[in-house]
Amino acid sequence: MSVFAAAGVGLLCAGRLCAVRAVLPCLWRGKYFSSGNEPAENNPVTPMLRHLMYKIKSTGPITVAEYMKEVLTNPAKGYYVNRDMLGEKGDFITSPEISQIFGELLGIWFISEWIATGKNADFQLVELGPGRGTLLGDILRVFSQLASVLKNCDISIHLVEVSQKLSEIQALTLTEEKVLLERNAGSPVYMKGVTKSGIPISWYRDLQDVPKEYSFYLAHEFFDVLPVHKFQKTPHGWREVLIDIDPQVSDKLRFVLAPCATPAEAFIQCDETRDHVEVCPDAGVIIQELSQRISLTGGAALIADYGHDGTKTDTFRGFCGHRLHDVLIAPGTADLTADVDFSYLRRMSQGKVASLGPVKQQTFLRNMGIDVRLKVLLDKSDEPSLRQQLLQGYDMLMNPTKMGERFNFFALIPHQRLHGRNHQTNACQSKPSPSPVAGFGELAWR
């Protein structure tokens, strides 16, 4: 679950919260984590907990969004900043870590869209929160295998990553060892290099710094770690869930309800029927930026994540050592996440682009030909352990009780794409046709 820090989305005024110190005990209890009645030995005082308690004592209760941002991306103590949390030794495993087929099919998706939109002479592949670089490595392998298709296309790779630790791991995974990396900590492009297949690759801390050119964007397990505001419906209207110090237990946090309306309430729809909602302003800002870029320069964005289409309520949870973890216990030692509301992403695109999905991962991968690819790999493998690994990976990705129905795919594409008109035409481009968008409908395999 990679991370991205979007700037300029400070929607809650610290002064306002400071003025409403008299909060209400929170009757809402999250279903994903315990009630907070853990023995003292299970609630260690971490450096992040000390930092948060000092902050709350100074300014008053903080929003869940502010809590997530501090815990995950604080420059000194943040969970994502200085550690590798992926893989078997980390706190969670992502789809690319399970099977190479996942990344290969996403590589096919980008090539398919490039062809369908007229084979532009160049394109940028931009990944938000690339994890360890495993997914991009699988995509680039497909690009190399289909070099004859892409031979007249100038490709460049652009990674948006705030974690110094993860960017170093990505460089080890993706770049050519013989070509020294260019580093400039003070520059928007803080690292540059060349991939093992000879493609230029650059690292940024902010999407805003990536050149606004014809691009394909990828966000895999990215939006689910952006900070969310949580709201509970009460007899007095919507009240935001805040985090405060427990007055009865030292060194312990608790949930409370704000006594009056807070600014982030503006993100709740007037016709909202749920009694508990989560809203993510940062996600809205990023979707608006992607939509603006795609509408102006073409390309597409593919988003894969845990999520729902505006139906779920409380999804805020923590993971530590591959197990669910109380979100208020030992902050800074566990990943925090909340399911993506795809209906909100669709709304935030503001009609500038067309949106497709969400569709279940099982459906998307089957439409992309995962069964065909699995058969090819099994037929080529004589080693029983490798065959077993392939089958286990397939089961994890496709089984409805595992990732098959928990993950969803969602895409942003230019309106012209659905009508067979290209965004811009030049002598190097062929005329596009209104072909189906791969993954979001069944393809005829020939």
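Please read these numbers as outputs of a predicted model, since none were measured by experiment.
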Which heavy atom of G318 sits nearest a heavy atom of L336, and at what distance?
-> CA-CD2, 4.2 Å
Apply side-chain hydrogen bond (donor to acceptor under 3.5 Å, both in side chains) to T401 and list each qualifying residue two or more places apart in sequence or on a separate chain.
-> N399
Set of side-chain hydrogen bond (donor to acceptor under 3.5 Å, both in side chains) partners for R50, sequence neighbours left out | none
Looking only at side chains, do [X] and [Y] share a donor and an acceptor under 3.5 Å apart?
X    : Y    : value
Y190 : S202 : no
Y80  : D335 : yes
E70  : H51  : yes

Using a 3.5 Å distance criterion without hydrogens, assess whether the side chain of [X] forms a donor-acceptor pair with backbone atoms of [Y].
X    : Y    : result
E278 : F316 : yes
H229 : T262 : no
T234 : G237 : yes
D305 : G307 : no
Q269 : D271 : no
Y217 : A300 : no
T337 : D224 : yes
T333 : A330 : yes
Q361 : L397 : yes
R317 : T315 : yes

Close side-chain approach of [X] to [Y], heavy-atom, < 4.5 Å:
X    : Y    : value
P188 : R205 : no
D282 : F223 : no
L218 : F110 : yes
L128 : I286 : yes
R373 : Y394 : no
V256 : R254 : yes

If the threshold is 4.0 Å, N to carboxylate O, is there a salt bridge linking [X] and [Y]?
X    : Y    : value
D309 : R346 : yes
D339 : R406 : yes
K312 : D341 : no
E104 : R141 : yes
R417 : E113 : yes

Who are the side chain to side chain contact (heavy atoms under 4.5 Å, CB included) partners of [X], not counting sequence neighbours?
X    : value
Q350 : Q288, K352
A411 : W109, L302, L356, F440
T363 : K360, N367

Quick one: salt bridge (charged side-chain N to carboxylate O under 4.0 Å, His left out) partners of E289, sequence neighbours excluded?
-> K212, R293
Can you measure from CE (M53) to CG (D246) and round to the nearest 0.5 angstrom?
-> 9.0 Å
Would one find more than 12 heavy atoms of other residues, nucleotides or ligands at under 6.0 Å from atom NZ of K233?
-> yes
Assign the ring pair F231 / W238 to parallel, tilted or perpendicular, where the plane angle (0 to 90°) is split at 30° and 60°.
-> perpendicular
Among Q164, Q170, K165, the one residue meeting side-chain hydrogen bond (donor to acceptor under 3.5 Å, both in side chains) with E168 | Q164
